[in-house]
Amino acid sequence: MGKPMQVARYWRHFKEKYRLIGGKCKSCGQVHFPKRPVCPECGSQEIEEFQFSGKGKVVSWTIIRNPPSGYEYYKPYPIALIELEEGPLVLAQLTDVDPEEIDFGMEVEMVTRKIREFSEDGIILYGYKFRPPLK
Amino acid sequence: MRKPVIIGVGLTPVGEHWKLGLRDLAVEALLNAMEDAGVDKVDSLYVGNMASGSFVEQENLGALIADWAGLGNIPAVKVEGACASGGAAVQEGVKAVMSGLEDVVAVVGVEKMTDAWPSDATRYLAYAADAEWELFHGVSFVALNALAMRLYMKEYGYTEEDLALFAVNAHANGAKNPYAMFKKVIKVETVMRSPYIADPLKLFDASPIADGAAAVIITTEEKAKEFVDKAKMIEVAGMGRAIDTINLANRKDLLLLKAAKVAAERAYKMAGVGVDNIDFFEVHDAFTVMAALSLESIGAAERGKGAMLAKEGQIAVDGDYPIQTLGGLKARGHPVGATGVYQTVEAVWQLRGEAPNQVPDAEVGLTQNIGGTGSNITVTILRRV
Ligand SMILES: [Zn+2]
């Protein structure tokens, strides 16, 4: 999959992927990530933007040894389900971490990193990854 | 409503079919099923397929397969629900017959996966996950199941060896199925020695990439008498289908296959049976942990006790909860969009008393077909007429 992809498909998610902005239901107060048009809790369509802190804890993780095409560069890489401080879970790669150190409940924080490239002339995708907080 | 019965089945062996293309496989299975049913024409065709556009650059499978099988100008469409496409196609065929709109319906499930490079196949399978919030981060389907496997082991205190028992059982049964991809008995050590593909999930915890096609012919009980004897009629007694969040991270309970639970409840209600009436279960063991979660979600085991059934030997053909009686996805093979139809064919064999690995006196069987990471699930209950 070396083909350049449409840039628009990626910039429309900049808020979520660069800044971890999700949604908050004005009716029931539930926060979600990513932002949805309809609240999964109460069905309300009154959803406002919500800025997550970027802090969270590892709920489960794996090391990807056979990635889908386009992601071979970082192989093997850790992927985790992270429970954000505000509640929702988010799936992301872990970075700046020794795979041996990863454990249930490990504290992590969001950072912006390169996710993948599309060949030499193609676009480069950036987005959130999570790492153990710097001391 | 009219009582739907399956009167014919057909299939190809599951494997790496280098010499056969998607249409060859589908047409072979379909014609076999029509021959088995003794019908030479059908009113419509439903094709279960997940990702032919990606794997072989071919969509519009309804037209392709009906045309090449010589079925004339009938209505024919593809039904897609990720790896549950086959189960969904069977249910669409049943609905058409029940409604009275169509009398004799053909369903074929087909997938041709080995024409793609393995890393591309991994990518195409991941299209069934959430493209923006899962695949974007480089996740594979195996990895999503590995996340669930790690949690399941932690939550209920199981080991990798415990889950390996599901693979051992599937291979023991698949060894007796001439249409299975792997006809080899394995041990727990075989699973444990296989390499990690997404820790703690190993190669032998996963079903293989494969090619294959399976087909069934559905009609009404009344109409069936024109074609076959009663012994060959298998009723589709109940069915249910449901979705869950496409993104695993958006689920409140990561270890409950809610879609399977809802689908099973619908199917039991329609068939008028409970889990205790089911003689065997063809559940979707794409990964060993999914076999455990499936047993729990359809009510065969309490929460956290699915893997106990394997440890207690209850999932074998002579146990109380036989599963994967012809090898399941793990040993029969998992040509994704065809799998639900393979499960249906195998259940029909069991209920006709024709299975190579027969469950004694099987009267009622259940198939459960999972699409995505549990995001789209079908449950179908079959019964002797
Ligand atoms: Zn709400």
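FYI, side chains are in, hydrogens and waters are out, and symmetry mates aren't considered; it's all heavy atoms of this structure. Just so it is clear: chains get the letters A, B, ... in the order the sequence lines come, proteins before strands, and each one is counted from 1.
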Non-hydrogen atoms of chain B under 4.5 Å away: do they reach the side chain of [X], the backbone, both or neither?
| X | value |
| --- | --- |
| A/Ile79 | both |
| A/Arg36 | side chain |
| A/Ile82 | neither |
| A/Tyr74 | neither |
| A/Phe104 | side chain |

If I compare all heavy atoms of [X] with all of [Y], which pair ends up nearest, and what's the gap?
| X | Y | result |
| --- | --- | --- |
| A/Thr62 | B/Ala146 | OG1-CB, 3.5 Å |
| B/Ile197 | A/Asn66 | CG2-OD1, 3.6 Å |
| A/Ile64 | B/Ala143 | CD1-CB, 3.5 Å |

Main-chain N/O of [Y] paired to [X] side chain as donor or acceptor, under 3.5 Å:
| X | Y | value |
| --- | --- | --- |
| A/Tyr77 | B/Gly138 | yes |
| B/Arg150 | A/Trp61 | yes |
| B/Thr122 | A/Pro68 | no |

Give, for atom [atom1] of [X] and atom [atom2] of [Y], the distance between the pair rounded to the nearest 0.5 Å.
| X | Y | atom1 | atom2 | result |
| --- | --- | --- | --- | --- |
| B/Met153 | A/Ser60 | CE | OG | 9.5 Å |
| A/Ser69 | B/Tyr124 | OG | OH | 6.5 Å |
| B/Asp130 | A/Leu91 | CG | CG | 10.0 Å |

Side chain, backbone, both or neither: which part of B/Leu201 has a non-hydrogen atom closer than 4.5 Å to chain A?
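Answer is neither: B/Leu201 stays 4.5 Å or more from chain A.
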
Does a side-chain N-to-carboxylate-O contact under 4.0 Å join B/Glu132 and A/Arg12?
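Looking at A/Arg12 together with B/Glu132, the answer is no, because their closest N to O distance does not fall below 4.0 Å.
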
Does [atom1] in [X] sit with more than 12 non-hydrogen atoms of other residues, nucleotides or ligands closer than 6.0 Å?
| X | atom1 | answer |
| --- | --- | --- |
| B/Glu57 | CD | no |
| B/Glu302 | CD | no |
| B/Lys258 | NZ | no |
| A/Phe14 | CZ | yes |

Quick one: do B/Asp199 and A/Arg65 satisfy side chain to side chain contact (heavy atoms under 4.5 Å, CB included)? Show the steps, please.
CA-CA 8 Å; B/Asp199 321 29; A/Arg65 297 170 193 278; 2.7 Å; yes

Check: B/Phe136 ring centre within less than 6.0 Å of A/His13 ring centre
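Not close enough - the centres of the two rings lie 6.0 Å or further apart.
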
Check step by step if side chain to side chain contact (heavy atoms under 4.5 Å, CB included) holds for B/Leu147 and A/Val59.
CA-CA 9 Å; B/Leu147 293 168; A/Val59 169; over 6 Å; no

Assess whether side chain to side chain contact (heavy atoms under 4.5 Å, CB included) is satisfied between B/His137 and A/Arg116, documenting all intermediate values.
CA-CA 9 Å; B/His137 298 283; A/Arg116 69 174 288 206; over 6 Å; no

For the interface with chain B, which of A/Lys17, A/Glu83, A/Lys75 has the highest count of heavy-atom pairs at distances below 4.5 Å?
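Of the candidates given, the most pairs with chain B belong to A/Lys17.
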
Looking at A/Glu16, A/Lys129, A/Gln93, which one has more heavy-atom pairs under 4.5 Å with chain B than the rest?
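Looking at each of A/Glu16, A/Lys129, A/Gln93 in turn, A/Glu16 comes out on top.
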
Would B/Arg123 and A/Tyr71 satisfy side chain to side chain contact (heavy atoms under 4.5 Å, CB included), going step by step from the backbone distance to the final call?
CA-CA 10 Å; B/Arg123 158 171 291 275; A/Tyr71 292 85; 3.5 Å; yes

Between B/Leu248, B/Leu135, B/Val142, which residue shows the highest count of heavy-atom pairs closer than 4.5 Å to chain A?
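Most heavy-atom pairs under 4.5 Å with chain A: B/Leu135.
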
With respect to chain A, which residue among B/Leu125, B/Asn250, B/Asn247 yields the maximal number of heavy-atom pairs within a distance under 4.5 Å?
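Winner by heavy-atom pair count: B/Asn250.
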
